Peer 1: 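First the structure, then my questions, so here it is.
So you know, we letter chains A, B, ... as the sequences are listed, proteins then strands, and number each from 1. Fair warning: this is a prediction, and the values are worked out from it, not measured in the lab.
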There are 2 protein chains.
Amino acid sequence: MRASDRAYQALRDDIVEWRLPPGTVLGEVEQAERLGVSRTPLREALGRLTAEGLAAPHSGRGVVVTAISLDHAVELFELRSALECQAASLAARRGKREQFRSLQQEFDSAAALLRGDDPDRHRYYELVARLDTDIDEAAANTYLSQALKNLRVHLVRIRRLAKDNPDRLLASATEHANIAGAIAEGDGQLAAAATLLHLHNSLDHLKSTQQSTPQSSERTAS
Amino acid sequence: MRASDRAYQALRDDIVEWRLPPGTVLGEVEQAERLGVSRTPLREALGRLTAEGLAAPHSGRGVVVTAISLDHAVELFELRSALECQAASLAARRGKREQFRSLQQEFDSAAALLRGDDPDRHRYYELVARLDTDIDEAAANTYLSQALKNLRVHLVRIRRLAKDNPDRLLASATEHANIAGAIAEGDGQLAAAATLLHLHNSLDHLKSTQQSTPQSSERTAS
DNA sequence: GCTAACTCGAGTGTATACACAAAATCCCTA
DNA sequence: TAGGGATTTTGTGTATACACTCGAGTTAGC
C-alpha cells in the first residue's frame with residue numbers, strides 16, 4: 001500500500017475515532033514524523049481530508065480538524081435525508097424484490113438479536129451496513145453513491161455523540177424493516193417516507209441524548 | 001496565487017470546456033510542463049480533480065479525464081433533484097420572502113430579455129446563477145451547499161451537450177419564476193415540486209437534443 | 001511460428017532540500 | 001513599563017533527485 005494511503009487512513013481513523021479531536025492543528029512535519037512518512041504523501045493525505053470536510057485550512061497556516069456538534073448534525077441530517085430518501089426511492093424502482101424482502105425478514109428477527117449482548121449487537125450493525133450497501137447498489141447511481149459515501153464519513157463521527165440505548169435500537173430495527181419492506185414492494189414513495197421517518201427519529205434520539213449530556217461544547221468554539 | 005491552485009483551475013477549465021476531452025490521459029510530467037509548474041503542485045491539482053470525479057485513476061498508471069454522456073446526465077439529475085429540492089424546501093422555510101419575491105419578478109420580466117440577442121441572454125444566465133446562490137445561502141446548510149458545489153462542476157460539463165433554444169429558455173424562465181415564487185410563499189413542498197418539475201423538463205430537453213445529434217458516443221467508450 | 005520471459009524505458013511514488021512567508025519573541029525606544 | 005519594530009524561528013510551497021513498478025518490445029526456446 002502507498003504511504004499516502006496509509007497516512008490518509010491513519011489520520012481519517014484518528015479523526016472519526018476522536019483521537020484527534022476537533023480543533024487539533026495538523027502540522028505537516030509533526031504528523032509526518034508521527035506516522036513515519038515523508039511530507040509529500042502526508043500533504044496528499046491532508047488534501048483528501050480537506051476535500052472531505054474532515055479538516056479545513058486554518059487561517060493560511062496548516063489545517064485543523066473541523067468541529068462537529070449537534071448543529072452540524074442537524075445540517076448533516078438534512079443532507080442525509082435528501083440523499084437517502086432518493087436512494088431508497090430509486091432502489092425501490094430498480095432493486096431485486098427478493099433481496100430486500102429477505103433483508104426485511106432479517107430486520108424483523110433482529111429484534112431477538114438485540115436482546116442479547118454485545119456480539120449480537122455487532123451483528124445488528126453489520127445488518128444495517130448491509131442494507132445501506134444494498135440500497136446503494138440497487139439505486140445504481142454513481143454520483144449518488146459517491147455523495148453518500150462522503151456523507152457517511154461524517155456520520156461515523158457523529159455517532160460518537162450518541163449513546164445507543166436498547167429501546168432506540170429496537171425501534172430502529174423496526175424502521176429499517178419498514179424501509180426494506182417498502183423497497184421490496186417496489187413502492188418508491190413509501191420507501192422515501194420510511195427512510196425520512198427513520199432519519200427523523202434517529203436525529204430526535206441524538207438530540208435527546210445530547211441535551212441530557214451536553215459535553216461537546218468544550219471544543220466547538222475553536 | 002499558489003502554483004497548485006493555478007494548475008487546478010487550468011486543468012478544471014480545460015476539462016469542463018472540453019479542451020481536454022473524456023479519455024485524455026493526464027501525465028504528470030506532460031501536464032506539469034504544459035502548465036509551467038512542477039510535478040508536486042500538479043499532483044495536488046490532479047488529486048483534487050480525482051476527488052471531484054473529473055478525473056479517475058487509470059489502471060494504476062496516471063489519471064484520465066472521466067467520461068460524460070447522456071447516461072451520466074440521467075444519474076447526475078437524479079442526484080441533482082434530491083439536492084436542489086431539499087435546498088429549495090429549506091430556503092422556503094428560512095429565506096427572506098422579499099428577496100425571492102423580487103427574484104420571481106425578475107424572472108417574470110426575463111421573458112422580455114430572452115427575446116433579445118446574446119448580451120441579454122448572458123444577463124439571463126447571471127440571473128439563474130443568482131437564484132442558485134440565493135437558495136444556497138437561504139438553505140443555510142454547509143454540507144448541502146458543498147454537495148451542490150461539487151455537483152455543479154459536472155453540470156457545467158453537461159451543459160456543453162445541450163443546445164439552448166429560445167423556446168426552452170422561455171419555459172425555463174417561467175419555471176424559475178415558479179420556484180422563486182414558491183420560496184417567497186414559504187411553501188417548502190411547492191418549492192420542491194417546482195424544482196423537480198424544472199429539472200425534469202431540463203433533462204427532457206437535454207435528452208431530446210441529444211437523440212437528434214448523438215455525437216458524443218465517439219469518446220464515451222474509452 | 002508462436003509463446004513466454006527478460007530487458008529496457010517511461011512514468012509514478014517518495015524523500016529531501018531550498019526558498020519564502022507568517023507569527024512569535026525579544027530588544028530598543030519613548 | 002508599554003508599544004513597536006526587527007529578527008528569528010517555524011512551517012508551508014515548490015522543485016528536483018532517486019528508486020521502484022508496470023508495460024512494451026524483442027529475443028530465445030519450444
Peer 1: Let me know the distance between OH of A:Y8 and P of C:dT14, rounded to the nearest Å.
Peer 2: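 It is 16 Å, rounded to the nearest whole Å.
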Peer 1: Taking atom P of C:dT12 as reference, at what distance in whole Å does atom CD of B:E44 sit?
Peer 2: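 After rounding, the gap between these two atoms is 17 Å.
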Peer 1: Report the distance from atom NE2 of A:H58 to atom C1' of C:dA22, rounded to the nearest whole Å.
Peer 2: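 For the pair A:H58 NE2 and C:dA22 C1', the rounded distance is 12 Å.
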Peer 1: Between C:dT12, D:dG11, C:dT14, which nucleotide has the shortest distance from any of its atoms to the side chain of A:R2?
Peer 2: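 For the A:R2 side chain, the nearest candidate turns out to be C:dT14.
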Peer 1: Closest approach of A:N141 and B:E75, non-hydrogen atoms and distance?
Peer 2: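 Scanning both residues completely, I find the closest heavy atoms to be ND2-O, 2.9 Å.
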Peer 1: Is there a side-chain polar atom (N or O) of B:S4 under 4.0 Å from OP1 or OP2 of D:dT14?
Peer 2: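 For D:dT14, OP1/OP2 do have a side-chain N/O of B:S4 under 4.0 Å.
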Peer 1: Using atom CG of A:D5 as one end and atom P of C:dT12 as the other, report the distance to the nearest whole Å.
Peer 2: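 Rounded to the whole Å, the gap is 16 Å.
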Peer 1: Using whole Å, what does the distance between atom P of nucleotide D:dT21 and atom CE of A:M1 come to?
Peer 2: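 For the pair A:M1 CE and D:dT21 P, the rounded distance is 16 Å.
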Peer 1: Would you check if there is a donor-acceptor pair between the side chains of B:E84 and B:T195 at a distance under 3.5 Å?
Peer 2: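 Absent: no donor and acceptor within the cut-off.
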Peer 1: Do A:E78 and B:R94 meet the salt-bridge criterion of a basic N to acidic O distance under 4.0 Å?
Peer 2: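 Salt bridge: yes.
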Peer 1: Under 3.5 Å between N/O atoms: give me all the protein pairs with nucleotides 15-19 of chain D, atom names plus distance.
Peer 2:
residue: D:dA15; atom: OP2; partner: B:S38; partner atom: N; Å: 2.7
residue: D:dA15; atom: N7; partner: B:T40; partner atom: OG1; Å: 2.8
residue: D:dT16; atom: O4; partner: B:T40; partner atom: OG1; Å: 3.1

Peer 1: Salt bridge or not for A:E175 and A:R168, using N-O below 4.0 Å?
Peer 2: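 Between A:R168 and A:E175 there is a salt bridge, with a charged N closer than 4.0 Å to a carboxylate O.
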Peer 1: Is the closest side-chain donor-acceptor distance between A:R101 and A:Q104 under 3.5 Å?
Peer 2: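 Side-chain D/A pair, A:R101 to A:Q104: present.
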Peer 1: To the closest 0.5 Å, what do you measure between OG (A:S81) and CD (A:Q86)?
Peer 2: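 A:S81 OG to A:Q86 CD: 11.5 Å, rounded to 0.5 Å.
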Peer 1: Between B:Q31 and B:L26 (side chain of the first, backbone of the second, donor and acceptor by atom type, cut-off under 3.5 Å), is there such a pair?
Peer 2: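 No; zero donor-acceptor contacts below 3.5 Å.
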Peer 1: Below the 4.0 Å mark, does C:dG13 have OP1 or OP2 next to a side-chain nitrogen or oxygen of B:R43?
Peer 2: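 Yes, because at least one side-chain N or O of B:R43 sits under 4.0 Å from OP1 or OP2 of C:dG13.
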Peer 1: Can you tell me how far C1' of D:dG13 sits from CG of B:L42, to the nearest Å?
Peer 2: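 Between C1' of D:dG13 and CG of B:L42: 15 Å.
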Peer 1: What is the distance from CD of B:E33 to C1' of C:dA10, rounded to the nearest Å?
Peer 2: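 Checked: the CD to C1' distance equals 13 Å.
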Peer 1: To the nearest angstrom, how far is B:E30 atom CD from C:dG11 atom C1'?
Peer 2: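 Those two atoms, CD and C1', are 11 Å apart.
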